[in-house]
Participant: 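Below you will find the structure I want to go over with you.
By convention here, the first residue in the shown sequence is residue 1. Numbering of ligands and ligand atoms starts at 1, following listing order.
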Amino acid sequence: MTSISSYKKNWMRYENYLMSGEWHVHTNYVDGANTVDDYCKRAVELKIPLIAFTEHVRRVLTYNYRDLVEDVMRARENYPDLIILTGCEAKVLEDGSLDVSDEVLKQSEIVLMAFHSLPGSKDKYIEALTTALSNLRVDIWAHPGLFLRNKNLSLSEEEAEEILEKARKEDVLIEFNGKYGLPLEEWVEIGKKKGVKFVRGSDVHKVGDLK
Ligand SMILES: [Zn+2]
Ligand SMILES: [Zn+2]
């Protein structure tokens, strides 16, 4: 799937579709309501040019990732004008590593990293985040700042600048997530000034979430 290329990050092949594509979709392999085929059919109707199936993963999976990859391969034959990518959404662990197996990484074209809880303190969060941003396989930081906000914490301007500078340097895209209203306006401002790139990811869990 993921072949050797001259691109530093896989997303760079599809740079023209960062805001017109949908880069964060869950299927019924985990907690989504629909199949790969359902989403592709709807994406074509809506003239969405690219869709990335970024299913939840753990190091030990509850489903066979290969099945998802095969669904995507079939969909590519059925919807030749739609760009359909395999992917995963991996949780950042306390040490900044990702909760995903090498086997899944090998088959994933797009890798989202996300926090699904806050590791201890804000300092620990920043540390884990910085490590995860350095991970060469990470393409996108999904729902950035969600768990800070949930815990009523925020980054200082200086901290936000450092993190966003790191994302720019490592070519990690920042998810523009309309569903959660993230990232915060201040982060968008800082990011734009720094030349950080944003990508549309709506954490889609059903066909009706596609816009
Ligand atoms: Zn998530
Ligand atoms: Zn998600």
Participant: After noting the C-alpha distance and the side-chain angles of W187 and W141, does the key distance pass the ring pair (Phe, Tyr, Trp, His ring centres under 6.0 Å) rule?
Facilitator: CA-CA 13 Å; W187 292 18; W141 178 14; 5.7 Å; yes
Participant: Is the Zn ion (ligand 2) less than 2.8 Å from an N/O/S atom of H205, whether that atom is in the backbone or a side chain?
Facilitator: no
Participant: Could you walk me through whether Y14 and W23 satisfy the side chain to side chain contact (heavy atoms under 4.5 Å, CB included) test, starting with their C-alpha distance in whole Å, then the side-chain angles of each, then the deciding distance to 0.1 Å, before giving a yes or no?
Facilitator: CA-CA 11 Å; Y14 310 102; W23 295 72; 3.7 Å; yes
Participant: May I ask you to list the protein N, O or S atoms found at less than 2.8 Å from the Zn ion (ligand 1)?
Facilitator: E89 OE2, H116 NE2, H143 NE2
Participant: At what distance, to the nearest 0.5 angstrom, does CG of L136 lie from OG of S134?
Facilitator: 8.5 Å
Participant: What N/O/S atom of H24 gets nearest to the Zn ion (ligand 2)?
Facilitator: NE2
Participant: By side chain to side chain contact (heavy atoms under 4.5 Å, CB included), which residues pair with S154, not counting sequence neighbours?
Facilitator: none
Participant: Hey, what's the ring geometry for F147 with H116, parallel, tilted or perpendicular (30° and 60° as the breaks)?
Facilitator: perpendicular
Participant: Return yes if a side-chain donor-acceptor contact under 3.5 Å exists between E89 and T54, otherwise no.
Facilitator: no
Participant: Please answer: with hydrophobic residues joined when any side-chain heavy atoms are less than 4.5 Å apart, are I163 and L93 in the same cluster?
Facilitator: no
